[in-house]
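Right, one structure below, let's go through it.
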Amino acid sequence: MTEVERKKRGEKSAAIVERLVRVQLRAMGCERFELGIRRDAGEMILREGQGAIEIEGAIKWLRHENAKGAHIYVRPAGTHRLSLIDDLSAEAIERMKAEGFEPAVVVETSLNNFQAWLNHGQVLAAAASTRAAKRLAERFGGDPSSADWRHFGRLAGFTNPKRERQLPSGMRPFARLRSATGDVYSKAAEFIAGIGTSSDGAAGQGEEPRKQPRRRRRQRAGIRPLEEFHADPIYAGDLHRADMAWAKHAALCGRTMEQIKDELLDGRDLSKKGSRKRQLEYAERTARKAIDQMCG
């Protein structure tokens, strides 16, 4: 292949990615998005408050990161009217359509593995949005660990670098945009009424996170201290659950696996875990799981 042919092929590929990204973002229907770029070493780069035009302008950089093994994710910024259901089969997608839960966006993230975004037609409060995602995942066989109001989904046009998703040829599969109507699903009003909320978020307020104790040490902006999670009665003294909850919170705020691991190691006495090696393994395992669960 000559240099001219290679250049033309690259330009054609870039144009395809730009079109797929534009169509997916339009169908998701959000004014602002957040991009997640998870590099191979576990570092998570978070770009907040991005409009569709800004994302399209970053495609060249995103393709470069993806070529180096980074995962490219997207989610709505702030509260929104969408729910993501992850890890669906083709049969589950068809059942959703048949039962009045037609997806606004469907992305095939690897062979016969799909993510679906549903448009509720109204903005849901965070707690109600998480309830909706969990019920939908349960009903259609999605991944329950991915069912929350801020979960990332894959951005179409980029490859899926997960090793277990490699094609028989050894190539990485592309995230393919299978449909993008943007429509509100037929049963939306009935379903939302069933989870007990409204567009202004008035119902379900009691499930918003409770007030936490005063911070006992300085933290990076936007990150709640680990001690607050340890002291929260919702975990009933189960510090393992509290560690996992904090790690997911930190991952959502864009902290890297190394940063999360270091904080877990410093956050409390882990001597009951055994040797220093076992303590390190616990912190790394918790940090990795938090980042894996945050992304599709």
Exercise. Roughly how far, to the nearest 0.5 Å, is CD of Glu18 from CD1 of Ile16?
Worked result: 10.5 Å
For this session: Dump the intermediate steps for side-chain contact (heavy atoms from CB on, under 4.5 Å) on Glu48 and Arg32, then the final yes or no.
Result: CA-CA 8 Å; Glu48 301 176 284; Arg32 294 284 169 184; over 6 Å; no
Exercise. Within a strict 4.5 Å, meaning less than it, do heavy atoms of the Ile53 and Glu56 side chains meet?
Worked result: no
Exercise. Quick one: are Lys68 and Asp40 in side-chain contact, heavy atoms under 4.5 Å?
Worked result: no
Exercise. Is the shortest side-chain N to carboxylate O distance from Glu54 to Arg47 below 4.0 Å?
Worked result: no
Exercise. Do you reckon Tyr235 sits in the same ILVMFWY cluster as Leu264, going by side-chain contacts under 4.5 Å, direct or chained?
Worked result: yes
Seminar exercise, completed: Tightest non-hydrogen contact, residues Pro76 and Cys30, listed as CB-SG, 3.6 Å
Exercise. Mind checking whether Phe158 and Phe174 sit in one hydrophobic cluster, side chains of I, L, V, M, F, W, Y counted as touching below 4.5 Å?
Worked result: no
Problem set entry | Heavy-atom donor-acceptor pair, His249 side chain to Arg224 backbone, under 3.5 Å | yes
Exercise. Between Asn113 and Asp87, does any side-chain donor sit less than 3.5 Å from a side-chain acceptor?
Worked result: yes
Exercise. How long is the gap from CG on Leu25 to CD1 on Ile55, to the nearest 0.5 Å?
Worked result: 5.0 Å
Exercise. With a 4.5 Å limit on heavy-atom distance, are the side chains of Phe152 and Leu46 in contact?
Worked result: yes
Problem set entry | Option passing side-chain hydrogen bond (donor to acceptor under 3.5 Å, both in side chains) with Arg154 (candidates Thr109, Thr159, Asp86, Asn160) | Asn160
Exercise. Do you reckon Leu88 sits in the same ILVMFWY cluster as Tyr185, going by side-chain contacts under 4.5 Å, direct or chained?
Worked result: yes
Exercise. So, does Glu65 use its side chain to make a donor-acceptor pair with the main chain of Gly69 at under 3.5 Å?
Worked result: no
Problem set entry | Geometric class of the His80/Trp149 ring pair [parallel <30°, tilted 30-60°, perpendicular >60°] | parallel
Problem set entry | Criterion side-chain contact (heavy atoms from CB on, under 4.5 Å) on Ile37 and Ile72, from CA distance to verdict | CA-CA 5 Å; Ile37 299 90; Ile72 309 300; 4.1 Å; yes
Exercise. Which pair of non-hydrogen atoms, one from Gly36 and one from Met44, has the smallest distance, and what is that distance?
Worked result: CA-CE, 3.7 Å
For this session: Could you pull out the closest heavy-atom pair between Ala251 and Ile260, with the gap in Å?
Result: N-CD1, 3.8 Å
For this session: State, with a plain yes or no, whether a side-chain heavy atom of Leu62 is found less than 4.5 Å away from one of Leu35.
Result: yes
For this session: Determine whether Leu124 and Val184 fall in the same hydrophobic cluster, where Ile, Leu, Val, Met, Phe, Trp and Tyr are linked whenever their side-chain heavy atoms lie under 4.5 Å apart.
Result: no
Exercise. Cluster question for you: counting only ILVMFWY and a side-chain heavy-atom cut-off of under 4.5 Å, with indirect links fine, are Val107 and Leu167 together?
Worked result: no
Exercise. Does a side-chain heavy-atom distance below 4.5 Å link Pro144 with Glu138?
Worked result: no
Problem set entry | Salt-bridge present (Glu281, Arg278; N to O < 4.0 Å) | no
For this session: Check whether any side-chain heavy atom of Arg95 sits under 4.5 Å from a side-chain heavy atom of Glu91, and report yes or no.
Result: no
For this session: Flag the pair Asn119 / Thr181 as yes when at least one side-chain heavy-atom distance between them is below 4.5 Å, and no otherwise.
Result: no
For this session: Verify, without hydrogens or angle tests, whether Glu190 (side chain) and Lys187 (backbone) share a donor-acceptor contact under 3.5 angstrom.
Result: no
Exercise. Is the Phe191 ring parallel, tilted or perpendicular to the Phe101 ring (thresholds 30°, 60°)?
Worked result: perpendicular
Seminar exercise, completed: So CG of Leu155 and CG of Leu20: to nearest 0.5 Å the spacing works out to 9.0 Å
For this session: Provide the closest heavy-atom pair for Tyr282 versus Asp243 in the form atom of the first, atom of the second, distance.
Result: OH-OD2, 2.7 Å
Exercise. Within 45° of the ring axis of Trp246 and under 6.0 Å from its six-membered ring centre, is that where the NZ or CZ of Arg268 lies?
Worked result: no
Exercise. When you measure from the side chain of Gln115 to the backbone N and O of Gly153, does any donor-acceptor pair fall under 3.5 Å?
Worked result: no
Exercise. Given side chains that start at C-beta, do those of Val17 and Arg63 come closer than 4.5 Å, heavy atoms only?
Worked result: yes
Exercise. Can you tell me how far CD1 of Ile234 sits from CZ of Phe229, rounded to the nearest 0.5 angstrom?
Worked result: 10.0 Å
For this session: Quickly, which of Val23, Val106, Val21 forms a side-chain contact (heavy atoms from CB on, under 4.5 Å) with Leu177? Name it, please.
Result: Val23
Exercise. Measuring from Ser146:OG to Ile85:CD1, what's the distance to the nearest 0.5 Å?
Worked result: 11.0 Å
Seminar exercise, completed: The reported gap from CZ in Arg131 to CD1 in Ile195 (rounded to nearest 0.5 angstrom) is 5.5 Å
Exercise. So Glu102 and Asp183, side-chain contact (heavy atoms from CB on, under 4.5 Å) or not? Walk me through it.
Worked result: CA-CA 8 Å; Glu102 307 91 345; Asp183 294 340; over 6 Å; no
Problem set entry | Salt bridge Glu258-Lys261, side-chain N to carboxylate O under 4.0 Å | yes
Problem set entry | Atom of Gly267, atom of Leu226 and distance for their closest heavy-atom approach | CA-CD2, 3.6 Å
Problem set entry | Evaluation steps, side-chain contact (heavy atoms from CB on, under 4.5 Å), between Met96 and Ile93 | CA-CA 5 Å; Met96 291 173 71; Ile93 295 290; 4.3 Å; yes
Exercise. Is Arg75 reaching over with its side chain to a backbone N or O of Arg150, donor-acceptor style, under 3.5 angstrom?
Worked result: yes
For this session: Might you point out which heavy atoms bring Asp143 and Ser145 nearest each other, and give the distance in Å?
Result: OD1-OG, 2.8 Å
Exercise. Has the side chain of Arg135 got a donor or acceptor atom that lies under 3.5 Å from a matching backbone atom of Gly194?
Worked result: yes
